[in-house]
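One-based numbering along the sequence shown. On a predicted model such as this, the values are computed, not experimentally measured, just so you know.
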Amino acid sequence: MIKGVALSILASCLFGLLYYYPVLLHSLSVVDIFCWRLLTSFPAIVILIIAGKQWSVITALFRRIKQQPLFLIGLLFSSVLLTIQMMIFIWAPLNGHGLSASLGYFLLPLAMVISGQIFYKEKLSFLQKIAVALAVLGVAIEIYITGAFSWETAV
C-alpha cells in the first residue's frame with residue numbers, strides 16, 4: 001500500500017508539473033506541443049513496459065484485438081477521447097483557461113464513483129460516503145468561489 005500511495009503522490013506531482021509544459025513551449029502551436037508529448041511519452045512507456053516485464057500484456061492485447069475485432073473500435077474511441085483531453089489540457093494554460101481545465105480533474109474521481117455505483121452496483125462504506133461528500137463539497141466551493149465551471153471543466 002505504501003508503494004501505491006508513493007506512486008500516486010509522484011504521479012500527482014508530475015501531473016502538476018505537466019501544466020507548465022505548454023507554458024514553457026508557448027511559441028509552438030497546440031498541435032506541435034501535443035506531438036512532442038506523444039513523442040516523449042512513447043520511450044517512457046516502452047521503458048516502463050520493459051522495467052515492469054509487461055510484454056505479455058502487450059501480446060495479449062494484440063491477441064484480443066485479433067480475436068475480437070470490435071475491441072479495436074473501443075480502443076480507437078478511447079484514444080480519441082484521450083486526444084481531446086490532452087489537447088484541452090495543452091490549449092487551456094496557453095489561453096488563460098488553466099483553472100477551468102484543472103477543475104475538471106477534481107470532478108473525475110467523483111464521476112468514477114458515480115459510474116461505479118451505477119454500472120457496477122458498487123456500495124460505499126460509511127467512511128467512503130463521508131469522503132465523497134467532502135469531495136463534492138470541496139469541488140462545489142471551488143466552483144462557487146472561482147466561477148470556473150465552463151465547457152473546459154465539463155470536457
Side-chain angles (χ1 to χ4, degrees), residues 1-52 54 57-58 61 64-65 70-120 122 124 127-155:
M1 186 167 125
I2 300 289
K3 182 180 176 184
V5 170
L7 289 173
S8 177
I9 291 170
L10 176 64
S12 295
C13 292
L14 290 173
F15 184 76
L17 290 174
L18 192 60
Y19 173 84
Y20 293 104
Y21 185 68
V23 175
L24 294 173
L25 300 173
H26 66 280
S27 61
L28 298 176
S29 73
V30 172
V31 174
D32 291 339
I33 296 171
F34 175 76
C35 291
W36 274 111
R37 277 185 68 182
L38 289 180
L39 285 173
T40 56
S41 295
F42 185 74
I45 292 168
V46 170
I47 289 169
L48 289 173
I49 290 170
I50 291 170
Q54 297 294 313
V57 175
I58 303 301
L61 175 67
R64 183 169 178 191
I65 292 170
L70 289 177
F71 183 67
L72 182 60
I73 294 171
L75 288 175
L76 292 173
F77 179 70
S78 65
S79 34
V80 167
L81 292 176
L82 183 59
T83 299
I84 292 168
Q85 178 268 330
M86 287 178 69
M87 295 289 266
I88 288 174
F89 203 67
I90 293 168
W91 173 85
L94 293 175
N95 293 284
H97 296 272
L99 181 61
S100 295
S102 298
L103 192 54
Y105 288 97
F106 290 111
L107 293 173
L108 178 63
L110 297 174
M112 291 175 66
V113 168
I114 292 168
S115 296
Q117 289 183 317
I118 292 171
F119 297 111
Y120 300 106
E122 292 180 356
L124 297 178
L127 289 177
Q128 288 172 325
K129 288 177 184 176
I130 291 173
V132 169
L134 290 173
V136 168
L137 180 65
V139 170
I141 290 171
E142 189 65 24
I143 289 171
Y144 177 75
I145 290 173
T146 62
F149 194 84
S150 63
W151 68 269
E152 299 97 342
T153 305
V155 172

A.B. asks: Could you grab the distance from atom OG of Ser115 to atom CG of Leu108, nearest 0.5 Å is fine?
C.D. replies: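 CG of Leu108 is found 9.0 Å from OG of Ser115.
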A.B. asks: Indicate yes or no: at least one non-hydrogen side-chain atom of Val113 is less than 4.5 angstrom from one of Pro109.
C.D. replies: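 Of all side-chain heavy-atom pairs linking Pro109 with Val113, none is under 4.5 Å.
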A.B. asks: With sequence neighbours excluded, tell me which residues meet side-chain hydrogen bond (donor to acceptor under 3.5 Å, both in side chains) with Gln128.
C.D. replies: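 Partners of Gln128 under the side-chain hydrogen bond (donor to acceptor under 3.5 Å, both in side chains) test: Ser125.
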A.B. asks: Carefully, step by step, assess Ile9 and Cys13 under the rule side chain to side chain contact (heavy atoms under 4.5 Å, CB included).
C.D. replies: CA-CA 6 Å; Ile9 291 170; Cys13 292; 4.3 Å; yes
A.B. asks: Drop me the distance from Leu94's CG to His26's NE2, to the nearest 0.5 angstrom.
C.D. replies: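 Reported value, rounded in 0.5 Å steps: 9.0 Å.
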A.B. asks: Minimum heavy-atom separation for Trp91 to Val30, with atom names?
C.D. replies: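 Looks like CA-CG2, 4.0 Å.
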A.B. asks: Side-chain donor-acceptor pairs under 3.5 Å in residues 147-155, sequence neighbours left out?
C.D. replies:
residue : atom : partner : partner atom : Å
Ser150  : OG   : Ser100  : OG           : 3.4
Ser150  : OG   : Glu152  : N            : 3.4
Ser150  : OG   : Glu152  : OE1          : 2.2
Glu152  : OE2  : His97   : ND1          : 3.1
Thr153  : OG1  : Ser100  : O            : 2.6
Thr153  : OG1  : Ala148  : O            : 3.1
Thr153  : OG1  : Ser150  : N            : 3.4

A.B. asks: Would you confirm whether Ser8, through its side chain, and Val5, through its main-chain N or O, come within 3.5 Å as a donor-acceptor pair?
C.D. replies: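 The answer is no, because no donor-acceptor pair under 3.5 Å joins these two groups.
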A.B. asks: How long is the gap from CG on Leu72 to CG on Leu61, to the nearest 0.5 Å?
C.D. replies: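 Answer rounded to 0.5 Å: 9.0 Å.
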A.B. asks: Which atom pairs, donor and acceptor, lie under 3.5 Å between side-chain atoms of residues 33-49 and protein residues at least two apart or in another chain?
C.D. replies:
residue : atom : partner : partner atom : Å
Thr40   : OG1  : Trp36   : O            : 2.9
Thr40   : OG1  : Arg37   : O            : 3.2
Ser41   : OG   : Arg37   : O            : 2.6

A.B. asks: Going from CZ on Arg64 to CG on Leu75, what distance comes out if it is rounded to the nearest 0.5 angstrom?
C.D. replies: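 Answer for the CZ-CG pair, Arg64 versus Leu75, is 8.0 Å.
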A.B. asks: Could you pull out all residues at least two apart from Ile118 that satisfy side-chain contact (heavy atoms from CB on, under 4.5 Å)?
C.D. replies: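 Only Ile114 meet the side-chain contact (heavy atoms from CB on, under 4.5 Å) criterion with Ile118.
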A.B. asks: Once rounded to the nearest 0.5 Å, what's the spacing between atom CD1 of Ile130 and atom CG of Leu124?
C.D. replies: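 Reported to 0.5 Å precision, the distance equals 11.5 Å.
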A.B. asks: Can you tell if the side chain of Leu10 reaches within under 4.5 Å of the side chain of Leu14, non-hydrogen atoms only?
C.D. replies: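 Contact flag for Leu10/Leu14 side chains = yes.
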A.B. asks: Of all residues at least two apart in sequence or in a different chain, which pass the side-chain hydrogen bond (donor to acceptor under 3.5 Å, both in side chains) check with Asp32?
C.D. replies: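 If we apply the side-chain hydrogen bond (donor to acceptor under 3.5 Å, both in side chains) test to Asp32, skipping adjacent residues, the hits are Ser29.
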A.B. asks: Going by side-chain contact (heavy atoms from CB on, under 4.5 Å), name the residues that satisfy it together with Ile141, two or more places apart in sequence or in a different chain.
C.D. replies: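 For Ile141, the residues satisfying side-chain contact (heavy atoms from CB on, under 4.5 Å) (neighbours in sequence not counted) are Leu137, Ile145.
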A.B. asks: When you measure from the side chain of Glu122 to the backbone N and O of Tyr120, does any donor-acceptor pair fall under 3.5 Å?
C.D. replies: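 Side chain of Glu122 to backbone of Tyr120: no pair is present.
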A.B. asks: Could you pull out the closest heavy-atom pair between Phe89 and Ala101, with the gap in Å?
C.D. replies: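 Heavy atoms of Phe89 and Ala101 come nearest at CD1-CB, 4.3 Å.
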A.B. asks: For Leu24, which residues count as a side-chain contact (heavy atoms from CB on, under 4.5 Å) partner, sequence neighbours excluded?
C.D. replies: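 side-chain contact (heavy atoms from CB on, under 4.5 Å) list for Leu24, sorted by chain: empty.
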A.B. asks: State which residues pass side-chain contact (heavy atoms from CB on, under 4.5 Å) with Val139; sequence neighbours excluded, sorted by chain then number.
C.D. replies: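 Residues passing side-chain contact (heavy atoms from CB on, under 4.5 Å) with Val139: Phe106, Leu107, Leu110, Ile143.
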